[in-house]
Enquirer: 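Quick one: the structure is below, and I'll ask about it shortly.
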Amino acid sequence: MTLEQIEERIANLSNRINGINTWIKNNPQVTDPNVYEIMDCNVQYAEVVAELVAYYNEQGWPEINEETGDMMLEKNWPRSARVADLPYLHPDLANCFLGLCTMETLREFPTHPFIQKPESYDMYATLRMRQLTGTYVLGKTEEDRRIKRELICKSMSVPFYIWQVQRTEPNYQFDNEQEFNGMKDMFALYEASEEPCQYKIQIQNLLSKIEENSKFKEQKTADKPKQNKKN
C-alpha cells in the first residue's frame, strides 16, 4: 500500500469520526454509547497506524529534529522518527486520535459501567495499547482484516446489548443463537488466519459472557445426556 493510499484512509476515518461526534452533540437525548461504532473506529485507527509502521519499516523512517534543550548545541539533534511521532508526521492521524478521545469523552466510554467489567476493559485497554505502540497485527488479506475487525466489534457490542436489556429486565437471556454461531464461525476463521491470535483470550472471555447470559446455554445443559450412577 502506498503512503498516499494510507493517508487517504486516514482522512476518510477522520471525517467519519468528526461526523459521529457532530451527531452525538446534536442528539443529546441519546445517552448510551454505540459500542460497535466506537470499537469499529478504534480498530480502524489501529489499522492505519499499523499500515504506517509497515510502510516506514520497509521504506525507512524519516529524520526529524529532536528538541534537546541543551544550550550548548546551536541546532536541534536529528534522529529517526518513531511510532510516537506518527501524529506529528501525519496531522490527520492526530485529528483521528483527538476525535476518538472526544467521542469517548462525550459517551463517558472509558468509565462506563459496561467498560469497567473485566472482560470489556481488557479488550478496550489492549486495543488502545496496540494503537499507541503500532503493534496491531494486520490480516494478510482485506477479508482477514474485515473478519478480525467485525469479531472485535461484535464481541463487545453483543455483551453490551445484553447489559443494556438487563438493566430493566434482570432475567433477560440472549436468544439469537444464529448470531452467536456466526461469531464462533468468524472466530474459527480468525484463529486460522493469524498465529498467534492477538485477541484470542479477550474474544474467548467475551464469548463466554454471551453464552453465560443466553437461553441456548440452558438448552445445551438440558440436552446433555444423564450419566448412569454406578451402585
Side-chain angles (χ1 to χ4, degrees), residues 4-52 86-117 119-132 134 136 138-139 142-143 145-169 172 174 176 179-180 182-183 186 199 202-203 206 209-210:
E4 290 74 17
Q5 289 173 319
I6 299 172
E7 288 181 329
E8 182 179 0
R9 294 181 76 158
I10 295 170
N12 291 338
L13 179 59
S14 180
N15 290 334
R16 181 190 176 198
I17 291 170
N18 289 336
I20 292 171
N21 288 342
T22 298
W23 188 92
I24 292 174
K25 292 173 185 177
N26 291 339
N27 294 271
Q29 74 281 4
V30 180
T31 56
D32 276 350
N34 184 329
V35 170
Y36 188 100
E37 187 173 61
I38 293 175
M39 292 299 295
D40 188 50
C41 289
N42 272 284
V43 173
Q44 290 196 44
Y45 179 79
E47 288 176 347
V48 293
V49 172
E51 286 167 356
L52 285 173
L86 289 176
Y88 168 76
L89 296 171
H90 302 276
D92 267 344
L93 189 68
N95 292 336
C96 280
F97 190 70
L98 178 61
L100 280 175
C101 293
T102 300
M103 184 189 302
E104 294 175 357
T105 298
L106 289 169
R107 287 303 190 209
E108 299 180 346
F109 197 67
T111 58
H112 192 281
F114 171 76
I115 299 300
Q116 288 300 304
K117 291 180 175 294
E119 299 81 10
S120 311
Y121 186 79
D122 188 23
M123 174 64 86
Y124 170 72
T126 302
L127 180 57
R128 178 51 49 86
M129 181 271 290
R130 296 295 182 186
Q131 291 173 342
L132 297 176
Y136 182 91
L138 296 168
E142 283 295 329
E143 181 64 7
R145 293 187 188 188
R146 183 196 66 79
I147 288 172
K148 181 176 180 178
R149 185 189 314 127
E150 184 172 354
L151 186 58
I152 290 172
C153 295
K154 288 182 73 70
S155 69
M156 288 283 278
S157 63
V158 173
F160 177 69
Y161 170 75
I162 295 170
W163 178 88
Q164 278 182 308
V165 178
Q166 287 181 342
R167 285 184 301 179
T168 54
E169 302 175 38
Y172 170 76
F174 186 67
N176 194 336
E179 182 175 21
F180 184 68
M183 293 174 68
M186 281 194 292
Y199 295 95
Q202 288 82 6
I203 293 170
L206 288 161
K209 295 305 291 186
I210 296 172

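These figures come from a predicted structure and were not determined experimentally. All values below come from the heavy atoms of this structure, side chains included, with hydrogens, waters and symmetry mates left out.
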Enquirer: Specify the closest pair of heavy atoms between A46 and L127, including all atoms of both residues, with the distance to one decimal.
Expert: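 Result for this residue pair: CB-CD1, 4.0 Å.
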Enquirer: Determine the minimum heavy-atom distance between P159 and I210, stating which atoms define it.
Expert: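 Nearest heavy atoms, P159 then I210: CG-CG1, 3.7 Å.
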Enquirer: Hey, what's the ring geometry for F97 with Y45, parallel, tilted or perpendicular (30° and 60° as the breaks)?
Expert: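 Rings of F97 and Y45: tilted, as their planes differ by 30° to 60°.
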Enquirer: Which of parallel (below 30°), tilted (30 to 60°) and perpendicular (above 60°) describes Y136 and Y199?
Expert: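 Geometry flag for Y199 against Y136: tilted rings.
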Enquirer: Who are the side-chain hydrogen bond (donor to acceptor under 3.5 Å, both in side chains) partners of T105, not counting sequence neighbours?
Expert: none
Enquirer: Parallel, tilted or perpendicular, judged at 30° and 60°: which one describes the rings of W163 and F114?
Expert: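 The arrangement is tilted - the two ring planes meet at 30° to 60°.
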Enquirer: Can you list everything that forms a side-chain hydrogen bond (donor to acceptor under 3.5 Å, both in side chains) with R128? Sequence neighbours excluded, please.
Expert: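 Scan of R128 (side-chain hydrogen bond (donor to acceptor under 3.5 Å, both in side chains), adjacent residues dropped) gives N42, E104, Q131.
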Enquirer: With respect to I17, which candidate in L100, T102, T22 satisfies the side chain to side chain contact (heavy atoms under 4.5 Å, CB included) definition?
Expert: L100
Enquirer: Where is the tightest heavy-atom contact between P87 and L93, given as atom of each residue plus distance?
Expert: N-CD2, 4.0 Å
Enquirer: For the rings on F160 and H112, is their centre-to-centre separation under 6.0 Å?
Expert: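 Ring centres of H112 and F160 closer than 6.0 Å.
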Enquirer: State, with a plain yes or no, whether a side-chain heavy atom of V48 is found less than 4.5 Å away from one of Q44.
Expert: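 No - every pair of side-chain heavy atoms lies 4.5 Å or more apart.
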Enquirer: For a 4.5 angstrom cut-off between non-hydrogen side-chain atoms, does E150 reach Y36?
Expert: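 A side-chain contact exists here, since the closest heavy-atom pair is under 4.5 Å.
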Enquirer: Under 4.5 Å between any side-chain heavy atoms of R16 and D40, yes or no?
Expert: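 Answer yes - side chains close enough.
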Enquirer: Below 4.0 angstrom, N of the basic side chain to O of the carboxylate: do E51 and R9 qualify?
Expert: yes
Enquirer: Looking at L206 and S120, what are the two nearest heavy atoms and their distance?
Expert: CD2-N, 4.1 Å
Enquirer: Contact between I20 and C41 at the side-chain level, heavy atoms closer than 4.5 Å - yes or no?
Expert: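 Yes - at least one pair of side-chain heavy atoms lies under 4.5 Å apart.
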Enquirer: Not counting sequence neighbours, which residues clear side-chain hydrogen bond (donor to acceptor under 3.5 Å, both in side chains) with D92? List them please.
Expert: N95
Enquirer: Any side-chain heavy-atom pair from H90 and I6 closer than 4.5 angstrom?
Expert: no
Enquirer: If you take all heavy atoms of G134 and V49, which pair is closest and at what distance?
Expert: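 Result for this residue pair: CA-CG1, 3.7 Å.
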Enquirer: Could you pull out the closest heavy-atom pair between M103 and I24, with the gap in Å?
Expert: CG-CD1, 4.1 Å
Enquirer: Should we count CD of Q164 as having more than 12 external heavy atoms under 6.0 Å?
Expert: yes
Enquirer: Does Y172, at its OH atom, have more than 12 non-hydrogen atoms belonging to other residues, nucleotides or ligands within less than 6.0 Å?
Expert: yes
Enquirer: Please check if any side-chain donor atom of D122 sits under 3.5 Å from a side-chain acceptor atom of T126, or the reverse.
Expert: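 Yes - a donor-acceptor pair under 3.5 Å links their side chains.
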Enquirer: So do I115 and M156 actually touch side chain to side chain, heavy atoms under 4.5 Å?
Expert: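 M156 reaches I115 side chain to side chain.
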